[in-house]
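Presented below is the structure to which this report refers.
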Amino acid sequence: NITAKPIVDLRIQKTVNVSTTDVNVTDIIEFTITVWNDGPCNATNVYVCEPLSDCLEIINVEGPGRYIDRYTWVIGDMANGTNATLKITARIIYSGIIENRVNVTCNDTDINMTNNYDNISPLNATTYVDLAISKTVNVTTGVVVVGDVVEFTIVAYNYGPCNASGVYVLEALDFDH
């Protein structure tokens, strides 16, 4: 008896919709993963290992099959000559290096494992802030005389979107006048 086992050639590609590797916390990015079954047989139980960085918050997932636990995309069976595409929209919520490597596997013998892996160039997610400062004085007439008490109020603002650290204000008073 001879038992013929199906053979397949699965192929995967991953892209991200940014034009540079420098991104900011709060940016929204979209990953696109496409899997092809180049045959010659139908592939059974196709799935993709797709571990997303903890720097990301998933906003939306679109595509066939199921996406489970930020890690696995279960496509299921794929006929010879077909493809499947998954789009993951995510918000960057922490600074750091975002790396992402994907690989596709199935229950059948894959005759070309070299095209079963792909990755994006590492993204450098940085925080940014929008700082502002205001200064007011308690003198409303514009005239002060020696001995008057003059009170300045300085307020620093952080309009975000990230927390600021190491912020300081330098105030230089003019004592020559």
Side-chain angles (χ1 to χ4, degrees), residues 7-133 156-168:
I7 57 173
V8 297
D9 180 14
L10 296 178
R11 173 170 50 104
I12 193 167
Q13 179 184 40
K14 175 152 191 178
T15 60
V16 62
N17 69 333
V18 295
S19 58
T20 176
T21 57
D22 293 321
V23 292
N24 295 309
V25 170
T26 73
D27 283 357
I28 295 176
I29 58 178
E30 183 177 87
F31 298 102
T32 302
I33 303 114
T34 303
V35 174
W36 291 267
N37 178 6
D38 293 331
C41 299
N42 296 339
T44 57
N45 194 28
V46 178
Y47 63 95
V48 174
C49 291
E50 163 54 316
L52 280 182
S53 167
D54 289 337
C55 294
L56 301 171
E57 171 187 56
I58 296 174
I59 296 172
N60 190 41
V61 177
E62 293 179 26
R66 296 176 297 141
Y67 186 68
I68 306 169
D69 298 331
R70 300 177 53 91
Y71 188 80
T72 304
W73 173 28
V74 179
I75 299 171
D77 297 344
M78 289 184 71
N80 173 23
T82 61
N83 67 62
T85 299
L86 181 73
K87 291 188 179 204
I88 301 172
T89 305
R91 177 180 292 110
I92 302 171
I93 58 172
Y94 299 115
S95 61
I97 302 298
I98 300 172
E99 296 181 300
N100 194 247
R101 181 175 169 96
V102 294
N103 70 290
V104 62
T105 57
C106 69
N107 286 354
D108 309 300
T109 301
D110 194 317
I111 58 175
N112 179 8
M113 297 294 288
T114 62
N115 58 3
N116 288 39
Y117 300 91
D118 200 12
N119 62 287
I120 61 166
S121 296
L123 302 176
N124 181 27
T126 56
T127 56
Y128 68 98
V129 296
D130 181 7
L131 299 178
I133 193 166
Y157 302 93
N158 177 7
Y159 293 109
C162 300
N163 293 333
S165 61
V167 176
Y168 66 94

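Throughout, numbering of the chain's residues begins at 1 and tracks the sequence. Both backbone and side-chain heavy atoms feed into the values below; hydrogens, waters and symmetry mates do not.
- Within the 4.5 Å cutoff, the side chain of Thr105 has heavy atoms near those of the Tyr47 side chain.
- Cys106 contributes atom SG, which lies 10.0 Å from atom CD1 of Ile75 (distance to the nearest 0.5 angstrom).
- Summarising the geometry, atom OG1 belonging to Thr15 is positioned 9.5 Å from atom CZ belonging to Phe31; distances are rounded to the nearest 0.5 Å.
- For Tyr67 (side chain) and Glu50 (main-chain N/O), a donor-acceptor pair under 3.5 Å exists by modelled atom type.
- When the options Asn112, Asp110, Asn116 are evaluated for a side-chain hydrogen bond (donor to acceptor under 3.5 Å, both in side chains) with Thr114, the one that passes is Asn112.
- Here Ile93 contributes atom CD1 and Thr127 contributes atom OG1; the two are 14.0 Å apart, rounded to the nearest 0.5 Å.
- Under the 3.5 Å distance criterion, with hydrogens and angles disregarded, no donor-acceptor pair is assigned to the side chains of Ser121 and Thr21.
- The line from CG of Leu123 to CG of Asp22 is 9.0 Å long, rounded to the nearest 0.5 Å.
- Tyr128 OH: more than 12 foreign heavy atoms inside a 6.0 Å radius.
- Under the 3.5 Å distance criterion, the side-chain polar atoms of Asn80 are matched with a main-chain donor or acceptor of Pro40.
- Between Val48 and Asn103 the shortest side-chain heavy-atom distance does not fall below 4.5 Å.
- Within a 6.0 Å radius of CG in Asn60, other residues, nucleotides and ligands contribute more than 12 heavy atoms.
- Listed for the Arg70 side chain is a donor-acceptor partner under 3.5 Å among the backbone atoms of Ser53.
- Side-chain contact check for Thr32 versus Leu86: every heavy-atom pair is 4.5 Å or farther apart.
- Considering all non-hydrogen atoms of both residues, Pro51 and Arg101 come closest at CD-O, 3.6 Å.
- Looking at Gln13 and Trp36, their side chains come closer than 4.5 Å, going by heavy atoms from C-beta outward.
- With no hydrogens or angles considered, no side-chain donor-acceptor pair links Thr44 and Asp77 at under 3.5 Å.
- Inter-residue side-chain proximity for Leu56 and Ile92 is flagged as met; some heavy-atom pair is nearer than 4.5 Å.
- Glu57 has a carboxylate O that lies under 4.0 Å from a charged side-chain N of Arg91, or vice versa, which qualifies the two as a salt bridge.
- Side-chain N or O atoms of Asn158 include one that pairs as donor or acceptor with a backbone N or O of Gly160 at under 3.5 Å.
- The minimum heavy-atom distance between Val25 and Ser95, with the atom names listed, is CG2-N, 3.6 Å.
- With hydrogens and angles ignored, the 3.5 Å screen pairs a side-chain donor or acceptor of Trp73 with a backbone N or O of Pro64.
- In this model, no donor atom of one side chain and acceptor atom of the other lie less than 3.5 Å apart for Asp9 and Asn37.
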